[in-house]
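Chain A is the first sequence line, chain B the second, and so forth, proteins listed ahead of strands; every chain is numbered from 1.
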Amino acid sequence: MAQISLTFPDGNARSYEAGITAAEVAADISTSLAKKAISATVNDRHWDLQWPIAEDAAIAIHTMKDDDQALELIRHDLAHIMARAVQEIWPDVKVTIGPVIEKGWYYDFDRDEPFTPEDLGEIEKKMKEIINRRDPVTTDVWERERAVKYYEANNEPYKVELVGMIPEDQPIRMYWHGHWQDLCRGPHLQHTGQVPADAFKLMKVAGAYWRGDSDRPMLQRIYGVAFKTRQELKDYLTFLEEAEKRDHRRLGREMELFHFQEEAPGMVFWHPNGWTIYREMQDYMRRKLTRAGYREINTPQVVDRKLWEASGHWDKYRENMYITEIDEEHANEKRINALKPMNCPCHVQIFNQGIKSYRDLPLRLAEFGSCHRYEAHGALHGLMRVRGFTQDDAHIFCTEDQIEEECGRFIQLLSDVYRDAGFSSFDIKLSTRPEVRIGSDEVWDKAEKALEKAILSVRNDYEVDPGEGAFYGPKLDFKLTDAIGREWQCGTFQADFMLPERLDASYIGMDGEKHRPVMLHRAILGSFERFIGILIENYAGKLPFWLAPRQVVVASIVSDADPFVEEVTERLIAAGLRAEADTRNEKINYKVREHSVGKVPVILAIGQKEVADRTVTLRRLGEKQTRVVPLDEVVAALTAEATPPDMAA
RNA sequence: GCCGCAGUAGCUCAGUGGUAGAGCGCACCCUUGGUAAGGGUGAGGUCGGGAGUUCAAUCCUCCCCUGCGGCACCA
């Protein structure tokens, strides 16, 4: 037998016979390691203990102490255990696939009857039973034909299809958990008893298309979460409760920010409090854009289909466009209009007015563009996905040579905005040329390089998504991370070589000839609606002072203080603050509680002492201690605090 | 759009084949109380919409609408 050399993490190497398994290597080291081992890493690949090692390699044996590997295996084995439990209870159910996902796994089943919440409890019980059986996990590689025949005989058509999808050069690997069998690339644990029986939970049932294709059958998906310990599971469930508490739909109601109703699904009714946040954000953006050299414009809501046909949107997105009908009586000619689903074609119309010179470029046209898209019912989700929304949209008309400079300026602007909104980090993704595209390779080279260079001028890390660019140009997507670690894609920067062509935009170059400009589509917030939703969730409703809809409530402790409360409130309002007086016949405890629940950042309480001294007692949201401050001082301090971040000295 | 679940007072939710209830909120009264709910009284509902079954439907059946969790989609 040939000998191979395995190098351990500590740098030591040992010689073994080729074909030795990782389990045997572990056993060679110590019996306790053999028992504790869960998997190995062999030449950077996560390796099943049972797999033979054929050649020299770097090897590391994993135990439950290695979180990454442990969690992957636990979740992956649980997927199998769950599928097995389901088939033990309902032998007719057909199995499909069950991958590991963040925090857990899912498994898709084909079953006539959907699973009920009660079924989940039963499955969970069965799973624990299986874990306690401590069945060994075994694996083998089969001939393709044998696997197909096996699955055909067992009436598992999805598995037959999966076998067929495995590339010719890949092995068909089978796994057994006890008697139960599944097609799987592995790796897995040594036996089911290695899975913690008290650190997982089945979460929900949902429909999911076979292979994610809406033309294929709808399967029943069961989601589970799993951790190494019971405590981690508990912590995660607590986290979910916390996330639910910051749900913007709930806070939107509690803080009286907005509502939705049946007559206008997916359209926001902004209440005074919510609209205050919106306006504050919009004012802020307007200042930032103006300073960054943008000119603000405004374009029609209702536009003849001819323009959408010319832009190409009619062909592709007609299903999702709101079409207007005019009462015949009042129309001389039948015209079909659409509510604009996007602003770019209208912006080109403004560019096209008059003759543009290269001296006009780059021309940056910004619009808080109100758009309507008929989104699928199932897609709507609070402010995050709506049918009527306003983009912080702008189009930069420029030359190919100006792309890089404009991209760099944009990223700078975007960084400022995210920072001011309270997001400390964001990721950038560069999507490059797809197979089907327009424009010469030369132009693509230039554009992709320009975007890349622009990113590198501000930071050194970004992700590349090859082939995921739009057919009309490469793009950047910007994802920010919120306070509880969730990612939201907000900003975008897209180079477009097509629309100027389709809508015949041109400028006169230095050479006196006509040229096509490049159009850069860009947004920072995405839509105001969604961004405000993200802000609400990020801050759990406790918005920074400059954005808080109600910044200060001045509350009387005794009714004798009411006149001074009114005076203080007027002073604050005169200073530009959003202040309200609360002189209701209620105790101060009650008022403090109510305004705390309402997320008012500052409460100023006024009783007899304050009236006598012309002071206020200041209490900040979430803090217990109070502070007595002279009136003049509090007005000055709060006014300074209310200054938006871009205006602060 | 697809799968599943849900829709009862402003909110959160209970309930029944014989047209409804709680807590909070709201209004009024008492209370002037010092930092997260003082007390009393009262008003408030075509039980999401339509059709059907039934002597009788908020409850059972069907269709539609909206919402929720996923999936698909997101110019």
Exercise for the section: Mark yes or no: A:Arg437 above the aromatic ring of A:Phe497, with NZ or CZ under 6.0 Å from the six-membered ring centre and no more than 45 degrees from the axis. Expected result: no

Fill in the blank from the handout: Output field dot_bracket for RNA chain B (Watson-Crick or G-U, both distances under 3.5 Å, | for other-strand pairs) contains (((((((..((((....[..)))).(((((.......))))).....(((((..]....))))))))))))....

Exercise for the section: Could you check how far NZ of A:Lys599 sits from P of B:A36, rounded to whole Å? Expected result: 15 Å

Problem - Within-4.5 Å side-chain heavy-atom neighbours: A:His271 and A:Leu257 - result: no

Problem - Integer angstrom distance from the C1' of B:A75 to that of B:C5 - result: 32 Å

Problem - Whole-Å gap separating C1' (B:G67) and NE2 (A:His259) - result: 14 Å

Exercise for the section: Tell whether A:Ser559 reaches the base of B:U32 with its side chain through a donor-acceptor pair below 3.5 angstrom. Expected result: yes

Problem - P-based separation of B:G4 from B:G44 [nearest Å] - result: 41 Å

Problem - A:Glu241/A:Lys245 salt bridge by N-O under 4.0 Å criterion - result: no

Practice task
State, without any angle test, whether A:Arg211 and A:Tyr209 hold a side-chain donor-acceptor pair at a distance under 3.5 Å.
Solution key: no

Practice task
Take nucleotides 69-75 of chain B nucleotide by nucleotide from the 5' end and write B, S or -, depending on whether a protein heavy atom sits under 4.0 Å from the base, only from the sugar-phosphate, or from neither.
Solution key: BBBBBBB

Practice task
Kindly say whether the aromatic ring centers of A:Phe368 and A:Phe528 come within a distance under 6.0 Å.
Solution key: yes

Practice task
Mind checking A:Lys591 for me? I need base, sugar-phosphate or nothing, with any heavy atom below 4.0 Å counting as a touch.
Solution key: nothing

Problem - Check ion pair A:Glu468-A:Lys429 (N to O, under 4.0 angstrom) - result: no

Practice task
Would you verify whether the NZ or CZ of A:Arg111 falls within 45 degrees of the ring axis of A:Phe115 while also being under 6.0 Å from that six-membered ring's centre?
Solution key: yes

Fill in the blank from the handout: In whole angstroms, the gap separating C1' of B:U35 from CD1 of A:Ile606 amounts to 14 Å

Exercise for the section: Pick the C1' atom in B:C59 and in B:C2, then give their distance to the nearest Å. Expected result: 29 Å

Practice task
Scan A:Gln220 against the nucleic acid and name what it touches under 4.0 Å (heavy atoms): base, sugar-phosphate only, or nothing.
Solution key: sugar-phosphate

Exercise for the section: Have a look at A:Thr116 and say if it touches a base, only the backbone sugar-phosphate, or nothing, with a 4.0 Å heavy-atom cut-off. Expected result: nothing

Exercise for the section: Check the distance between B:C5's C1' and A:Phe115's CZ and give it to me in whole angstrom. Expected result: 16 Å

Handout entry: Any donor-acceptor N/O pair under 3.5 Å between B:G34 base and A:Glu610 side chain
Key = yes

Handout entry: Spacing of the P atoms in B:G45 and B:G39 (rounded, Å)
Key = 27 Å

Handout entry: Same-atom distance (P) from B:G21 to B:A6, integer angstrom
Key = 25 Å

Practice task
Would you kindly give the CG-to-P distance between A:Asp582 and B:U32, to the nearest whole Å?
Solution key: 18 Å

Handout entry: Nucleotide B:C3, atom P - distance to CG of A:Asp110 in whole Å
Key = 14 Å

Handout entry: B:G34 base / A:Thr617 side chain donor-acceptor hit below 3.5 Å
Key = yes

Exercise for the section: Rounded to the nearest angstrom, tell me the gap between atom CZ in A:Arg584 and atom P in B:C29. Expected result: 16 Å

Problem - Nearest-Å distance once atom P is located in both B:A43 and B:U35 - result: 36 Å

Practice task
Determine the Euclidean distance between corresponding P atoms of B:A56 and B:C13; express it in Å to zero decimal places.
Solution key: 34 Å

Problem - Atom-pair distance (CD on A:Glu262; C1' on B:G7), nearest Å - result: 9 Å

